Amino acid sequence: MAKGITKRADDYAQWYIDIVLKADMADYSPVKGCMVIKPNGYGIWERIQQHLDRMFKETGHVNAYFPVFIPESFLKKEAEHVKGFAPECAVVTHGGGKLLEEPLVIRPTSETIIWSTYKNWISSYRDLPILINQWANVCRWEMRTRLFLRTTEFLWQEGHTAHATHEEAEEETVRMVHVYRRFAEEYMAMPVVVGRKTEQEKFAGAEHTYCIEALMQDGKALQAGTSHHLGQNFAKAFDVKFQDRDKELKYVYATSWGVSTRLIGGIVMTHSDDNGLVIPPRLAPLPVVFVPIWKSDAERDVVCEKAREITRDWDPLFYRIDDRDQYKPGYKFNDWELKGVPIRVEIGPRDVQNNTVVAVRRDTGEKQALSMDGLREHLTRLLDDIQNNLFARAEQRTRDNTHTVDDYEEYKARIDQGGFFRVFLDHANPEVEAKLQEDTRSTVRCIPFDAPDEEGPCMITGKLCKGRVIAAQAY
RNA sequence: CGGGGCGUGGCGCAGCCCGGUUUAGCGCGCUUGGUUUGGGACCAAGAGGUCGCGGGUUCGAAUCCCGCCGCCCCGACCA
């Protein structure tokens with residue numbers, strides 16, 4: 001059993017912290033709420049970036065970069081936006097030892113700086129659409145922080161697009177939430193519910209917000225990605241108009257969408273176990289680690305040489321041979337399990353004789369002897385297997401923990417056990433959602449796209465509602 | 001912002017109540033040498049500390065008193 005990791009069953013929150021720290025993904029920094037992302041964590045982020053960036057580009061987007069500093073007045077130009085973000089902004093008041101004429105906000109999100117720029121870029125319908133993404137850091141002065149899930153500064157990507165019509169912006173908003181869904185499921189092996197946020201939960205400044213929501217092992221929901229249709233709100237705030245084919249001057253339609261390093265927290269809480277981190281193979285910075293085993297120096301040379309020989313033509317990013325001398329094999333086994341490497345390959349003197357290796361998969365712990373011939377192909381298939389198994393496992397768990405409830409008393413009794421709850425709720429009425437939150441610390445996570453066509457009474461007010469929403473306690 | 005916890009070598013902690021035998025200790029880690037190596041090795045010798053900061057009490061403070069600062073965790077708010 002892993003040393004120093006709290007068991008999930010004992011204290012899930014502490015387990016999560018233990019995993020992040022002990023798997024060497026991140027560490028606390030001198031500043032409250034900030035963290036150092038260490039190579040083992042950052043490597044996962046790099047893989048996330050790699051795949052997402054490709055998906056963004058495949059859907060026509062290009063990358064750009066906007067400044068981290070935003071004049072304070074910019075934030076104030078969109079009424080809802082400032083209301084939502086002002087309280088959590090970090091503000092720079094001095095520069096070069098002098099008081100600044102206008103304070104600079106460290107971006108909590110970039111709509112304002114970007115739309116102030118788009119104003120200069122857009123004058124004709126021919127300038128549209130603009131499909132830009134940026135990889136950046138942002139800063140939100142949150143009361144309560146948690147490693148990866150909510151830190152004062154975090155890394156993310158934010159797409160900011162400009163369109164001539166509402167329909168086109170809507171298409172984009174939907175397209176991107178589905179890009180996120182696909183990424184979550186195919187790469188993170190994390191099943192999600194796709195849907196729309198309620199009026200209360202939508203982005204500050206958005207017309208509406210789509211999102212993906214995932215269910216963690218402890219039954220709490222994690223908002224994993226959002227895609228906002230901003231309507232003409234920011235175009236109006238920054239006076240961004242274009243002349244259309246019909247010669248009319250019109251405001252531009254906007255979308256924005258983002259995912260953050262929070263996804264790493266999602267990976268931890270979806271797949272990992274009491275032995276440590278479990279990384280889905282497609283996001284693993286290191287998919288395969290070789291642990292050579294020897295007794296004598298002579299054996300050591302033979303075994304390590306064999307390992308090098310087998311892997312001679314392999315992609316160096318695919319594997320590593322752990323020939324560290326100061327640790328025994330048992331230590332290495334535990335160490336790599338803790339760090340979540342999907343496959344460990346043990347190779348010892350016996351294996352060299354038999355022309356075999358022992359492959360151990362991280363998801364199940366299952367060991368199998370594999371021939372050295374065609375090993376690369378075997379391992380690739382095994383990685384696919386692991387990826388699929390992780391998804392299937394998570395999907396099963398999400399299914400098992402998705403409940404349909406109609407009675408509010410029953411809901412109140414069961415909500416603390418966690419899970420997605422499919423309920424009728426009059427979310428158009430803000431008071432209903434407020435009461436739900438007050439009574440149960442749960443919220444409407446989303447109004448699912450694929451909700452069956454049902455009708456029923458709101459479990460709180462009894463008012464007839466169309467379609468069930470997903471409610472849950474959330475991170 | 002409420003509640004709790006904690007600040008002592010790199011990390012985790014003990015010592016504090018009851019001031020002085022403590023030259024501030026233990027485990028891990030680190031360095032050197034040797035033996036080990038198929039599920040977290042062992043022996044030996046070493047290196048490493050302004051006890052969060054500032055006052056005060058005292059012959060004497062990690063320890064008592066006052067003040068301050070910081071971080072973490074749990075809740076309310078949020079990606």
Side-chain angles (χ1 to χ4, degrees), chain A residues 1-6 11-14 16-18 21-22 24 27-35 84-85 87-89 108-109 136-158 180 197 200-204 209 211-214 221-228 256-266 275-276 291-297 299-300 303-304 322-338 344-352 356-358 360 365 367 369 434 437-438 441 443 473-475:
Chain A
M1 200 41 56
K3 273 186 192 163
I5 297 179
T6 306
D11 183 348
Y12 193 82
Q14 189 57 49
Y16 174 80
I17 293 164
D18 288 348
L21 262 25
K22 306 261 156 115
D24 234 6
D27 206 350
Y28 297 107
S29 82
V31 178
K32 178 184 164 70
C34 293
M35 67 174 179
F85 283 105
E88 56 190 56
C89 284
T109 178
N137 58 339
V138 287
C139 189
R140 298 182 187 177
W141 217 262
E142 303 286 358
M143 296 286 182
R144 171 90 161 84
T145 56
R146 301 172 72 103
L147 294 168
F148 285 116
L149 300 176
R150 187 175 305 101
T151 45
T152 302
E153 180 195 9
F154 58 95
L155 305 183
W156 76 348
Q157 59 69 215
E158 44 182 332
Y180 289 153
K197 284 289 184 192
Q200 286 70 235
E201 295 274 328
K202 74 180 184 186
F203 178 75
T209 291
C211 64
I212 55 172
E213 293 278 332
L222 185 75
Q223 177 174 309
T226 48
S227 181
H228 317 293
S256 69
W257 28 271
V259 298
S260 72
T261 35
R262 165 179 273 196
L263 293 182
I264 296 171
N275 291 326
V291 178
I293 293 154
W294 64 81
K295 281 192 171 48
S296 62
D297 282 356
E299 271 183 359
R300 185 197 152 161
V303 167
C304 287
D322 182 4
D323 57 1
R324 289 178 297 175
D325 213 358
Q326 70 269 39
Y327 298 117
K328 291 176 54 170
Y331 179 92
K332 294 178 185 178
F333 296 167
N334 285 288
D335 191 43
W336 292 115
E337 271 166 24
L338 175 59
R344 174 177 81 241
V345 173
E346 304 173 8
I347 175 168
R350 290 203 298 271
D351 297 302
V352 174
T356 59
V357 297
V358 175
V360 186
K367 294 188 180 192
Q437 182 154 6
E438 200 183 310
R441 299 199 335 235
T443 49
Q473 292 180 345
Y475 275 99

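Atoms considered below: every heavy atom in the structure, side chains included; atoms not considered: hydrogens, waters and symmetry mates. Residue numbers begin at 1 in each chain, while the letters A, B, ... track the order of the sequences. Remember, predicted model here, so these are calculated numbers, not experimental data.
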If you define the side chain from C-beta out and look only at heavy atoms, does anything of A:Asp335 sit under 4.5 Å from A:Arg324? yes

Can you measure [X] atom [atom1] to [N] atom [atom2] for me and round it to whole angstrom units?
X	N	atom1	atom2	result
A:Asp11	B:G5	CG	P	17 Å
A:Lys295	B:C42	NZ	C1'	17 Å
A:Tyr331	B:A41	OH	P	9 Å

Are the ring centres of A:Phe333 and A:Tyr327 closer than 6.0 Å? no

Identify, between A:Cys34 and A:Lys332, the residue whose nearest nucleotide on RNA chain B lies closer to the 5' end. A:Lys332

Pairing string, 5' to 3', for RNA chain B - Watson-Crick or wobble contacts under 3.5 Å, brackets [ ] where pairs cross, | to another strand: ((((((((.[[[[.)....(....]]]].((((((.....)))))).....[[[[[..)....]]]]])))))))....

Counting the atoms with a prime plus P, OP1 and OP2 as sugar-phosphate, which does [X] contact under 4.0 Å by heavy atoms, base, sugar-phosphate, or nothing?
X	value
A:Pro30	sugar-phosphate
A:Lys22	nothing
A:Lys32	sugar-phosphate
A:Gly348	base
A:Val138	nothing

I'd like to compare against my own output: the B/S/- annotation of nucleotides 74-79 of chain B with a strict under-4.0 Å heavy-atom distance to protein. BBBBBB

Using a cut-off of strictly less than 4.0 Å, decide whether A:Tyr28 has a side-chain nitrogen or oxygen near OP1 or OP2 of B:C6. no

So, does A:Lys328 get its side chain near the phosphate of B:G38, meaning an N or O under 4.0 Å from OP1 or OP2? yes

I'd like a list of close polar pairs between nucleotides 45-49 of chain B and the protein, N/O only, cut-off under 3.5 Å.
none

